[in-house]
Amino acid sequence: MTHDVKESFSADSPPAPAALAAKVRTLAPSMTRSMQRVAEAVAGDPAGCAALTVTGLAELTGTSEATVVRTARLLGYPGYRDLRLALAGLAAHQQSGRAPAVTADIAVDDPIADVVAKLAYDEQQTLADTAAGLDTVQLGAAVSAAATARRIDVYGVGASSLVGQDLAQKLLRIGLIAHAHTDPHLAVTNAVQLRSGDVAIAITHSGSTGDVIEPLRVAFDRGATTIAITGRPDGPVTQYADHILTTSTARESELRPAAMSSRTSQLLVVDCLFIGVAQRTYETAAPALSASYEALAHRHAPRNR
């Protein structure tokens with residue numbers, strides 16, 4: 001299966017200058033070698049590259065002007081001019097003598113109240129970006145498949161495994177057969193048992209996690225409906241996805257890398273998928289949810305001493 005994918009970026013919210021190096025590290029594995037040279041150059045010497053024209057940077061990295069522009073767009077900038085402005089800002093930040101940044105917007109000496117406010121704002125922006133970029137047609141198709149599935153398998157590792165477990169337990173509580181697989185070997189052996197009428201969901205921020213792609217490929221080959229929740233709609237995982245649900249990738253930093261920032265957007269997509277399924281199956285979902293609450297109620301009652 002092939003998918004037509006366009007490079008995506010937001011002209012209104014390019015990466016903050018201080019987040020550039022982290023973004024380069026995250027995206028480098030999915031870049032061509034020539035694009036990697038451009039990305040590594042701008043992250044390694046922002047001041048020097050900010051002084052170069054697009055032609056100059058192409059010559060410095062042994063690439064072409066088109067490659068430089070494509071790299072700028074992949075990093076989240078509308079064009080090379082915007083990347084140059086960000087590089088100049090990053091260079092100025094490095095030379096200003098201000099306290100080093102713990103994240104893109106938070107300095108080592110920031111008061112804890114400012115940390116709370118900045119993180120809350122960042123979370124809000126991540127959610128807004130994800131909601132704006134989520135394809136509701138793809139989401140609707142994924143909901144339809146999951147709502148009528150005989151069985152649902154969810155694959156994820158690391159931080160994405162936590163999101164997968166969250167989705168599976170929600171689906172179980174409304175009466176669906178759902179399992180989250182974090183062991184890559186078990187994921188593949190379970191995927192072998194899937195067939196038409198089943199659903200397999202892969203959760204991977206990078207879109208290139210082999211331990212997640214492999215079971216999804218097996219499920220795809222077995223005829224199951226496959227869904228990818230990823231920050232990279234052009235990543236390898238989408239080769240085996242019937243439906244692609246895209247998450248935000250814009251906000252990453254040294255102490256808040258993809259494994260943390262991506263989870264917020266993944267959880268939003270998972271909640272949208274779950275609520276959609278609950279709506280479609282309400283007649284059976286509502287009683288199942290009530291039964292699960294009742295079964296657990298005694299565990300939440302205060303104990304007599």
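- In this structure the side chain of Thr130 reaches within 4.5 angstrom of the side chain of Val269, judged on heavy atoms.
- Atom OG of Ser292 is separated from atom CD of Gln169 by 9.0 Å, given to the nearest 0.5 angstrom.
- Counting non-hydrogen atoms of neighbouring residues, nucleotides and ligands closer than 6.0 angstrom, the CG atom of Leu186 exceeds 12 such neighbours.
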- Task: Could you please spell out the steps behind the side chain to side chain contact (heavy atoms under 4.5 Å, CB included) verdict for Val212 and Ile203?
- Result: CA-CA 7 Å; Val212 174; Ile203 305 175; 5.9 Å; no
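- The same ILVMFWY cluster, assembled from side-chain heavy atoms under 4.5 Å apart, contains both Val163 and Ile275.
- Under a hydrophobic-cluster definition in which Ile, Leu, Val, Met, Phe, Trp and Tyr are linked whenever side-chain heavy atoms come within less than 4.5 Å, directly or via other members, Leu267 and Val154 are assigned to the same cluster.
- In this structure, the side chain to side chain contact (heavy atoms under 4.5 Å, CB included) partners of Ala187, at least two apart in sequence or on a different chain, are Tyr155, His181, Pro215.
- Annotation: the span from Ser248 atom OG to His205 atom NE2 amounts to 8.5 Å, rounded to 0.5 Å.
- With no hydrogens or angles considered, no side-chain donor-acceptor pair links Thr284 and Thr281 at under 3.5 Å.
- With no hydrogens or angles considered, a side-chain donor-acceptor pair links Ser144 and Arg280 at under 3.5 Å.
- The pair Arg150-Asp198 meets the salt-bridge criterion, with a side-chain N (NZ, NE, NH1 or NH2) lying under 4.0 Å from an Asp/Glu carboxylate O.
- Counting heavy atoms from C-beta outward, Leu245 and Asp135 have side chains that stay 4.5 Å or more apart.
- Between atom OG1 of residue Thr55 and atom CG of residue Leu60 there is a gap of 12.5 Å, rounded to the nearest 0.5 Å.
- Under the 4.5 Å side-chain contact rule for hydrophobic residues, Val143 and Leu134 share a cluster.
- In this structure, the side chain of Thr230 engages the main chain of Arg232 through a donor-acceptor pair within 3.5 Å.
- Looking at Glu65, its side chain never comes within 3.5 Å of a backbone N or O of Val54 through a donor-acceptor pair.
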- Would Arg151 and Leu194 count as a side chain to side chain contact (heavy atoms under 4.5 Å, CB included) if you check the C-alpha gap in whole Å, the side-chain angles of each, and the deciding distance to 0.1 Å? CA-CA 8 Å; Arg151 164 180 161 183; Leu194 298 181; 3.5 Å; yes
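- Residues Val69 and Arg81 are not in side-chain contact: their nearest non-hydrogen atoms beyond the backbone lie 4.5 Å or more apart.
- Separating the CG atom in Leu52 from the CZ atom in Arg84 is a distance of 7.5 Å, to the nearest 0.5 Å.
- Placement of Leu162 and Leu171 in two distinct hydrophobic clusters is found when ILVMFWY residues are connected by side-chain heavy-atom separations under 4.5 Å, directly or transitively.
- Thr136 places no side-chain N or O within donor-acceptor distance of the main-chain N or O of Leu139, the cut-off being under 3.5 Å.
- Arg217 is not listed as a side-chain neighbour of Gln239, based on a closest heavy-atom distance of 4.5 Å or more.
- Closest heavy-atom contact between Ala131 and Leu268: N-CD2, 4.2 Å.
- Judged by distance alone, the side chains of Gln266 and Arg263 never bring a donor and an acceptor atom under 3.5 Å apart.
- Inter-residue side-chain proximity for Thr225 and His243 is flagged as met; some heavy-atom pair is nearer than 4.5 Å.
- Evaluation of the side chain to side chain contact (heavy atoms under 4.5 Å, CB included) rule for Thr182 yields Ser161, Gln165 as partners, not counting sequence neighbours.
- Residues that satisfy the side chain to side chain contact (heavy atoms under 4.5 Å, CB included) test with Ile213, not counting sequence neighbours, are Pro236, Val237, Tyr240.
- Counting heavy atoms from C-beta on, the side chains of Thr247 and Ile229 come closer than 4.5 Å.
- Closest approach of Ala168 and Ala178 over heavy atoms only: O-CB, 3.9 Å.
- Separation of atoms OH (Tyr282) and CD1 (Ile174) is listed at 11.5 Å; rounding is to 0.5 Å.
- The shortest non-hydrogen separation linking Cys49 to Leu87 is CB-CD1, 3.8 Å.
- Shown here for Ala241 and Ala228, the closest heavy-atom pair between the two residues is CB-CB, 3.7 Å.
- Looking at Thr61 and Leu57, their side chains come closer than 4.5 Å, going by heavy atoms from C-beta outward.
- Val277 and Ala147 get closest at one heavy-atom pair: CG1-CA, 4.0 Å.
- The hydrophobic clustering, which links ILVMFWY residues whose side-chain heavy atoms are closer than 4.5 Å, places Val218 and Ile152 apart.
- Judged by distance alone, the side chains of Asp242 and Thr226 do bring a donor and an acceptor atom under 3.5 Å apart.
- For the atom pair CG of Asp153 and CD1 of Ile227, the computed distance is 11.5 Å after rounding to the nearest 0.5 Å.
- Proximity of Arg195 to Arg222: side-chain heavy atoms (C-beta onward) are nowhere separated by under 4.5 Å.
- Judged by distance alone, the side chain of Arg70 and the main-chain N or O of Met35 form no donor-acceptor pair under 3.5 Å.
- The heavy-atom pair separating Ala288 from Gly175 by the smallest distance is CB-N, 3.7 Å.
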